[in-house]
Amino acid sequence: MSSTVNLKQHVSAAKTPMDTTCIDTIRTLAMDAVQKANSGHPGTPMALAPVAYVLWQDHLRFDPSEPVWPNRDRFVLSAGHASMLLYSLLHLTEVQAVDENYETLGKPSVSLDEIKKFRQLHSHTPGHPEYHLTSGVETTTGPLGQGVANSVGMAIAERWLAAHFNKPGFEDLIDFNVYAICSDGDMMEGISHEAASLAGHLKLSNLCWIYDDNRITIEGSTELTYGDDAAERFMAYGWNVTRVGDANDLELLERAYQAFLNCKDRPTLIIVDSHIAWGAPNKQDTSGAHGEPLGEEEIRLTKKFYGWPEDAKFLVPDGVYEHFRQGVGRRGKELREAWFKRLDAYKAEYPELADQLYKIQHRELPDGWDKDVPTFPADAKGLASRDSSGKTLNAFAKNIPWLIGGAADLAPSTKTMLTFDGAGSFEAENYGGRNFHFGIREHAMGAILNGMSTVKVRPYGSGFLIFSDYGRAPIRLAAIMELPVVYVFTHDSIGVGEDGPTHQPVEQLPSLRAIPGLLVFRPCDANEVVEAWRVVLQLRHQPAALVLTRQAIPTLDRTQFGAASGLAKGAYILADAADGKPDVLLLATGSEVSLCIGAYEQLKAEGIKARVVSMPCWELFDDQDQAYQDQVLPPDVNARVSVEQASTFGWAKYVGRTGATVGMHSFGASAPLKDLLHEFGFTADRVVAAAKEQIEKNRR
Ligand SMILES: Cc1ncc(C[n+]2csc(CCOP(=O)(O)OP(=O)(O)O)c2C)c(N)n1
Ligand SMILES: [Mg+2]
């Protein structure tokens with residue numbers, strides 16, 4: 001393979017010389033930024049510049065002066081390694097920076113200085129596009145496959161909003177399209193299969209993926225790894241497929257976008273044949289030539305070929321900004337202004353719906369959002385926390401019309417089905433349904449929830465805790481993106497019983513706790529479940545996971561024990577020594593809290609002063625001030641026992657180096673629950689023994 005820039009890579013069928021200049025500006029900014037950073041991928045931004053240019057300049061309904069306008073088209077760069085393509089576009093179209101309150105800040109999102117700071121600390125041009133950090137970036141991408149699945153979530157959210165808000169006389173109040181650029185890597189990742197299959201099934205005609213079929217990945221030609229017929233594959237999913245034989249042919253690109261816009265019953269895949277720019281002079285093989293700066297000499301040659309001043313860096317020729325202003329800028333502004341005018345008329349005719357739309361966009365809850373929420377009477381037998389969650393979710397969902405979600409084919413088990421009148425199922429024939437059926441696609445479900453959340457509806461998704469591993473990548477991204485997605489994970493421990501070790505989570509709980517910014521709740525009874533939902537629904541910038549039991553757990557008598565509202569502080573005293581000066585602390589979450597209460601009663605009968613602390617959410621507890629933390633976990637009481645049916649990883653933080661941890665040290669087993677509790681040591685006697693040992697140890 002030649003080490004010089006592929007000369008095929010230029011522009012054909014440009015309508016005006018200015019089209020070519022704009023495209024070459026995108027390209028030269030990308031190569032200069034990557035060169036200055038001395039890292040990053042210049043080739044793909046250069047090859048895809050015409051593809052993105054035609055889309056943005058001629059089609060995207062997007063107003064750079066107000067990049068958060070709700071009915072804007074979404075553009076997702078799923079091939080996040082090509083971030084300079086997006087930054088060049090955001091810069092040249094003069095997208096304005098917006099703060100977290102959606103106020104424009106009067107400065108560009110990506111200035112030329114920011115482009116010069118590509119990949120540097122505190123810049124707005126990080127290695128991969130980051131939602132929240134850079135206005136105009138619709139979702140964080142880089143982990144291949146995530147962006148395309150996010151785009152399905154965005155398209156789904158658009159369909160739902162359209163069904164909910166569009167009314168006679170306002171049939172197109174919500175009618176945006178979602179475009180995603182993807183690469184070979186996106187196509188290889190399994191998540192793209194899950195997401196495309198669902199998108200096809202749901203007939204999301206507002207969705208367009210643009211596949212950069214350049215037949216090259218990092219290790220070399222895709223001949224090494226991948227020979228799928230993408231067109232056949234997507235036709236089998238029920239997509240509309242079209243091909244652009246040359247990424248530089250603006251006329252063909254134009255026709256392909258028209259084909260998408262004309263297709264009203266299916267999502268569209270545009271397969272674009274392109275040739276990546278080769279960098280790395282002196283490298284004659286393909287390996288390592290990919291994803292590296294071009295080098296000064298190569299850049300000079302390329303600029304010469306473009307007719308660019310060879311030594312100019314970060315050059316934006318005269319007329320380029322103006323040209324974008326007259327294209328995407330002018331169109332976007334007109335569309336946005338017209339839309340807000342329509343919205344005023346809509347407000348007059350449908351004030352309640354208009355108010356909902358406002359609240360959705362600002363992540364606010366409706367008035368009365370927590371009315372008629374259940375409280376559960378004390379009950380020794382109790383109910384599974386998945387059941388109390390199902391009842392609670394239904395109560396909240398009645399009050400919050402845009403609280404929508406579903407399961408990866410497990411709603412009857414996770415109890416996330418909304419059962420009240422009118423809830424319905426989201427289907428190709430019923431986009432207003434509120435019960436989502438993601439199918440057995442945990443990974444895509446996670447990324448779809450993220451995409452939905454960027455459109456600001458309030459999504460939840462559910463499955464077995466064990467399969468949270470399948471969807472871990474998007475959970476992590478929700479935390480990075482600060483999206484308030486809710487996960488309901490049931491079947492939370494060996495409590496699953498007969499299903500055995502493949503279905504019994506052990507390390508999942510600590511591994512979720514390890515994700516920065518994710519709130520993990522493991523409530524101990526029905527009333528803590530209510531409080532957990534209450535806290536979670538008020539989150540605006542944080543994802544949360546509710547970890548729930550399949551088996552019944554007692555509903556505690558709150559006249560005797562601490563109030564469940566203590567959950568809001570993450571941990572609280574449930575039962576205490578009469579004088580408030582315990583000799584030993586018993587710390588637990590979820591189903592093991594009532595076990596600790598049993599142990600506490602036994603200890604009490606023997607005259608031993610124990611305290612039971614329910615710790616449903618470590619992250620919230622860690623956020624409390626030192627005084628509260630010390631009040632709950634007195635620093636001078638070192639006799640401590642934690643009890644949790646999970647890996648003990650992390651508990652040392654609360655029980656100390658010398659504390660005892662009753663937990664799982666192996667995988668579980670298939671057996672009736674009561675046998676498993678004995679086998680793995682989750683009995684009151686064991687906790688009592690550990691407590692006494694701790695007291696003894698700390699006396700010495
Ligand atoms: C899930 C995931 N695995 C691995 C990577 C590392 N990576 C970055 S780009 C790339 C492959 C690039 O090939 P392709 O997707 O065809 O993009 P192109 O270079 O052609 O633009 C890989 C493996 C990643 N970003 N995400
Ligand atoms: Mg490729």
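Bear in mind that the values here come from a model prediction, so they are computed numbers and not experimental data. The chain is numbered in sequence order, starting from 1. First listed ligand is number 1; within each ligand, the first listed atom is number 1.
Contact annotation: for Leu144 versus ligand 1, heavy atoms closer than 4.0 Å belong to both the backbone and the side chain. Counting heavy atoms closer than 4.0 Å to ligand 1, residue Asp184 contributes atoms from both its backbone and its side chain. Contacts between Met188 and ligand 1, counted as non-hydrogen atom pairs separated by less than 4.0 Å, are absent for every part of the residue.
Where the criterion is an N or O separation shorter than 3.5 Å, residue side chain and backbone included, Ile216 meets it with respect to ligand 1. Checked against a 3.5 angstrom limit, the closest N/O atoms of Asp212 and ligand 1 fall outside it. Considering both main-chain and side-chain atoms, Asp186 never comes within under 3.5 Å of ligand 1 through any nitrogen or oxygen pair.
Residue contact annotation: Ser183 places no N/O/S atom under 2.8 Å from the Mg ion (ligand 2). For the Mg ion (ligand 2), the N/O/S atoms of Ile216 include one lying under 2.8 Å.
With ligand atoms numbered from 1 in the order given, ligand 1 contributes 18 (P), 19 (O), 21 (O) to contacts under 4.0 Å with heavy atoms of Thr44. If you number the atoms of ligand 1 from 1 as listed, the ones under 4.0 Å from a heavy atom of Gly185 come out as 14 (P), 15 (O), 16 (O). Those atoms of ligand 1 with a heavy atom of His81 less than 4.0 angstrom away are 9 (S), 17 (O), 18 (P), 19 (O), 21 (O). Short contacts between ligand 1 and Pro143, defined as distances under 4.0 Å to a heavy atom of the residue, involve ligand atoms 26 (N).
Using a 4.0 Å cut-off between charged nitrogen and carboxylate oxygen, Arg27 and Asp32 do not count as a salt-bridge pair. With respect to the salt-bridge test (charged N to carboxylate O, under 4.0 angstrom), the residues Arg72 and Glu138 qualify. In summary, Arg300 and Asp311 engage in a salt bridge, as defined by a charged side-chain N under 4.0 Å from a carboxylate O. A salt bridge links Asp273 with Arg243: the closest approach of a Lys/Arg side-chain nitrogen to an acidic carboxylate oxygen falls below 4.0 angstrom.
Between the Tyr87 side chain and the Pro126 main chain, a donor and an acceptor come within less than 3.5 Å of each other.
Per residue Asp184, closest N, O or S atom to the Mg ion (ligand 2): atom name OD2.
Relative ring orientation between His541 and His132 is described as perpendicular, the plane-to-plane angle rising above 60° on a 0-90° scale split at 30° and 60°.
Stacking of Arg74 on the aromatic ring of Phe176 is recorded, both the 6.0 Å distance cut-off and the 45° axial limit being met.
With hydrogens and angles left out, the side-chain atoms of Ser274 and Asp212 include a donor and acceptor closer than 3.5 Å. For Ser78 and Asp186, the side-chain atoms include at least one donor-acceptor pair closer than 3.5 Å. Side-chain polar atoms of Gln504 and His491 form no donor-acceptor pair below 3.5 angstrom.
Under a 4.0 Å heavy-atom criterion, Gly142 is in contact with ligand 1. Using a non-hydrogen distance threshold of 4.0 Å, Ala79 does not register as a contact of ligand 1.
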